[in-house]
Asks: 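My questions will all concern the structure given below.
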Amino acid sequence: MYDLAFVRGNLPLLEERLSLRGVDSSLLDGFSSLDAERRSAITEAETLKAQRNALSAEFGRMKREGAETTAIAAKTLALKEKTEQLEAVAVEADQKLRSLLESLPNLPHESVPAGASEQENFCEKTWGEIPSFDFPAKPHWEIGEHLGILDFERAAKISGARFVLQLGSGARLERALANFMLDLHTREHGYVEVLPPSLVNSRSLFGTGQLPKFAEDLFHCDDKGPYVAGEFQENDHWLIPTAEVPVTNIFRDEIIDLSNGSISFTAWTPCFRSEAGSHGKDTRGMIRQHQFQKVELVKFTRPEDSYAEHEALTRHAEAVLERLGLPYRRMLLCAGDMGFSSAKTYDLEVWLPGQQTYREISSCSNFEGFQARRANIRYRPAGARKAEFVHTLNGSGLAIGRTYLAILENYQQADGSVRIPGALQPYMNGETVITRQSLGRAL
RNA sequence: GGAGAGAUGGCCGAGUGGCUUAAGGCGCACGCUUGGAAAGCGUGUAUACCGCAAGGUAUCCAGGGUUCGAAUCCCUGUCUCUCCGCCA
């Protein structure tokens with residue numbers, strides 16, 4: 001969300017930059033008249049209120065002196081009525097203005113290329129060697145089912161489409177990945193581990209920008225009744241689509257201390273996505289699930305530090321891929337392909353031999369003050385009286401499900417077994433290869 | 001789920017209808033004092049919005065209501081605490 005005064009002073013700039021993102025600039029057409037309407041109603045209403053307040057004080061004085069007060073009481077009542085009408089006008093204009101501002105996506109940073117779709121993303125670098133196999137590389141679902149570590153059919157029976165059941169060494173591999181990533185980020189990259197709630201209220205989802213526009217992508221619990229569009233409660237429940245939501249909202253409505261630099265959190269959580277609108281996309285395997293796990297990186301920074309921190313955070317995510325020996329490339333997203341709240345985003349894409357393509361495994365974004373304004377997260381700049389909005393950043397470090405399938409595909413062997421990357425072996429009780437699971441009578 | 005108590009500024013805490021944006025204390029900042037420090041003394045210390053400005057408006061958990069006037073009275077909700085019940 002933008003600052004009202006900023007929009008007022010920079011309308012042409014906004015229209016131009018938002019058009020880079022494919023935002024219809026007519027959205028801003030109503031701004032000026034709404035703004036003027038709101039301001040004049042407020043000014044008038046407040047003038048009347050000041051008069052009423054003065055009359056009330058006068059009333060008190062007269063009452064104490066025993067004077068006649070019916071005339072003055074009638075006067076204030078008349079003023080009250082007028083004031084209430086004006087206030088209603090002000091509130092309506094204010095709400096319209098606010099929902100207009102809330103619906104605008106963030107401005108792309110100068111370094112972000114123009115473009116409408118992922119076709120125009122820019123590849124900044126590639127890392128690692130694409131493995132070649134002397135046998136036909138299989139997709140992960142075939143590998144996993146053959147090994148007996150992935151069971152999509154039973155997951156469908158239990159829960160429906162887009163769920164998976166992981167078993168034996170396959171379940172342990174998921175846990176090993178989480179521990180490996182958390183240890184790397186906390187021990188070597190300076191992040192503080194947090195374990196946040198997996199259910200959040202709608203105020204939190206507003207703060208990070210998922211609500212009100214993207215409600216259909218989320219799972220909503222109706223224990224407090226249905227979601228009313230645009231109403232942000234502190235007592236309703238949604239399943240988190242990413243740890244970004246609870247972790248960024250840790251400091252909602254707070255003034256935090258950044259005098260010693262940024263605050264960095266890492267969190268391992270389940271993530272839940274309805275995947276509405278992606279019917280028929282990635283239906284096989286565990287690329288696109290309703291539930292997956294992710295280790296997330298979140299930073300709160302001073303504005304002047306955020307772009308350096310964005311590079312650092314992206315490197316922290318890349319380090320995971322490099323330690324695991326997974327080939328990847330870094331894409332700088334063009335304006336049209338970025339998320340709603342982001343000013344600049346790098347996607348990391350991992351090579352999947354089974355599908356002969358790169359797929360997104362991490363998304364690292366700088367939101368500048370966009371989320372901080374929605375969530376009201378501020379800090380006091382050194383020597384300044386007034387608190388300013390912080391910059392927030394986050395990135396996957398990494399999506400565990402996708403890392404998992406990348407390992408299956410990149411480390412597969414001719415006999416169907418899968419080698420375990422060295423960095424992961426200490427987390428796998430010394431296992432070095434996953435072979436066809438003997439799960440005894442379990443299945 | 002049942003019963004009760006509570007929510008006031010960065011923190012503690014007073015305040016049951018006008019003289020309360022809110023006493024007092026702590027903390028913090030600045031100044032005086034001092035060889036220097038502590039103590040002491042003095043001054044200052046919320047946010048948002050409207051206004052060219054002077055200034056004004058709003059905010060004592062949130063939302064409604066009563067009243068000429070609400071931190072204060074009434075209703076609803078949220079959260080916290082205590083006890084009971086249930087429970088991983």
Side-chain angles (χ1 to χ4, degrees), chain A residues 1-9 31-98 100-102 195 197-207 221 223-228 230-238 246 249-259 369 372-390:
Chain A
M1 192 163 73
Y2 306 113
D3 179 59
L4 184 59
F6 171 80
V7 177
R8 198 177 284 149
F31 177 84
S32 294
S33 59
L34 268 178
D35 185 41
E37 187 186 339
R38 169 180 172 274
R39 288 208 273 177
S40 75
I42 288 177
T43 307
E44 234 181 299
E46 289 190 350
T47 308
L48 294 185
K49 264 196 226 172
Q51 287 172 23
R52 186 160 65 101
N53 288 345
L55 283 177
S56 280
E58 177 69 11
F59 184 100
R61 224 170 297 129
M62 290 169 75
K63 203 77 177 171
R64 252 172 282 132
E65 288 161 5
E68 176 57 44
T69 53
T70 47
I72 199 168
K75 252 199 213 169
T76 45
L77 269 181
L79 270 176
K80 186 185 185 180
E81 229 171 87
K82 259 195 244 169
T83 308
E84 278 172 354
Q85 288 168 11
L86 279 166
E87 273 191 323
V89 173
V91 165
E92 202 196 328
D94 190 69
Q95 278 169 353
K96 280 188 194 158
L97 201 60
R98 187 170 323 197
L100 192 157
L101 289 184
E102 284 168 1
L195 187 53
S198 299
L199 265 60
V200 294
N201 56 40
S202 47
R203 275 290 311 261
S204 292
L205 285 158
F206 174 79
C221 306
D223 58 326
K224 303 279 180 173
Y227 169 61
V228 180
E231 267 183 34
F232 308 117
Q233 320 231 336
E234 306 211 357
N235 67 330
D236 53 355
H237 297 121
W238 302 69
N249 277 279
I250 288 174
F251 294 130
R252 168 150 53 87
D253 294 323
E254 290 191 38
I255 297 176
I256 60 177
D257 181 8
L258 293 181
S259 54
R373 270 188 294 275
R374 292 172 82 100
N376 189 27
I377 307 170
R378 293 172 298 166
Y379 80 111
R380 268 183 227 290
R385 270 190 56 110
K386 207 166 133 59
E388 303 282 349
F389 291 109
V390 305

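Naming convention: chains lettered A, B, ... in sequence-line order (proteins, then strands); numbering from 1 in each chain. Note that this is a predicted model, so its numbers are computed, not measured.
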Asks: Go nucleotide by nucleotide along RNA chain B from the 5' end; which of A/I255 and A/I72 gets its closest nucleotide reached first?
Replies: A/I255
Asks: Figure out the CG/P separation between A/D223 and B/G1, and round it to whole Å.
Replies: 11 Å
Asks: Taking RNA chain B as the partner, which of residues 78-85 of chain A come within under 4.0 angstrom of it by heavy atom?
Replies: A/K80
Asks: I need a per-nucleotide contact map over nucleotides 48-61 of chain B, read 5' to 3'. Cutoff is protein heavy atoms under 4.0 Å; write B for the base, S for backbone only, - otherwise.
Replies: SSSS----BBS---
Asks: What residues form a side chain to side chain contact (heavy atoms under 4.5 Å, CB included) with A/K82, not counting sequence neighbours?
Replies: A/L48
Asks: Taking the P atom in each of B/A70 and B/A5, what is the distance between them to the nearest angstrom?
Replies: 26 Å
Asks: Taking only residues two or more places apart in sequence or in another chain, which ones pass side chain to side chain contact (heavy atoms under 4.5 Å, CB included) with A/V89?
Replies: A/E37, A/A41
Asks: Please report the distance, rounded to the nearest Å, between CZ in A/F59 and C1' in B/U67.
Replies: 9 Å
Asks: Could you tell me how far apart A/N235 (CG) and B/G63 (P) are, to the nearest whole angstrom?
Replies: 14 Å
Asks: For atom P, what is the distance between B/G17 and B/U33, given to the nearest Å?
Replies: 48 Å
Asks: Quick test: give all pairs of protein nitrogen or oxygen and nucleotides 10-12 of chain B nitrogen or oxygen below 3.5 Å, distance rounded to 0.1 Å.
Replies:
none

Asks: Going by ring-ring contact (aromatic ring centres under 6.0 Å, His included), name the residues that satisfy it together with A/Y227, two or more places apart in sequence or in a different chain.
Replies: A/W238
Asks: Rounding to an integer number of angstrom, what distance separates B/U34 and B/C61 when you compare their P atoms?
Replies: 47 Å
Asks: With A/F232, which residues qualify under ring-ring contact (aromatic ring centres under 6.0 Å, His included), at least two apart?
Replies: A/F206
Asks: Tell me the interatomic distance from A/R203, atom CZ, to B/A62, atom P, rounded to whole angstroms.
Replies: 12 Å
Asks: Regarding A/S56, tell me which of base, sugar-phosphate or nothing describes its non-hydrogen contacts under 4.0 Å with the strands shown.
Replies: base
Asks: Only counting residues at least two apart or in another chain, list the ones meeting side chain to side chain contact (heavy atoms under 4.5 Å, CB included) with A/E231.
Replies: A/V228, A/Q233
Asks: Tell me every residue that passes salt bridge (charged side-chain N to carboxylate O under 4.0 Å, His left out) with A/E92, counting only those two or more places apart in sequence or in another chain.
Replies: A/K96
Asks: How would RNA chain B look in dot-bracket form, 5' to 3', counting Watson-Crick and G-U wobble pairs with both distances under 3.5 Å and writing | for bases paired to another strand?
Replies: ((((((((.[[[..)..(.....]]]((((((.......))))))(((((....))))).[[[[[..)....]]]]])))))))....
Asks: Going by atom type alone, with no hydrogens or angles, which donor-acceptor pairs under 3.5 Å involve a side-chain atom of residues 51-59 of chain A and a protein atom two or more places apart or on another chain?
Replies:
from: A/S56; atom 1: OG; to: A/R52; atom 2: O; distance (Å): 3.4
from: A/E58; atom 1: OE1; to: A/R61; atom 2: NH1; distance (Å): 2.7

Asks: Taking only residues two or more places apart in sequence, or in another chain, which ones meet A/D223 in a side chain to side chain contact (heavy atoms under 4.5 Å, CB included)?
Replies: A/C221, A/H237
Asks: Report the distance from atom CG of A/D236 to atom C1' of B/A62, rounded to the nearest whole Å.
Replies: 15 Å
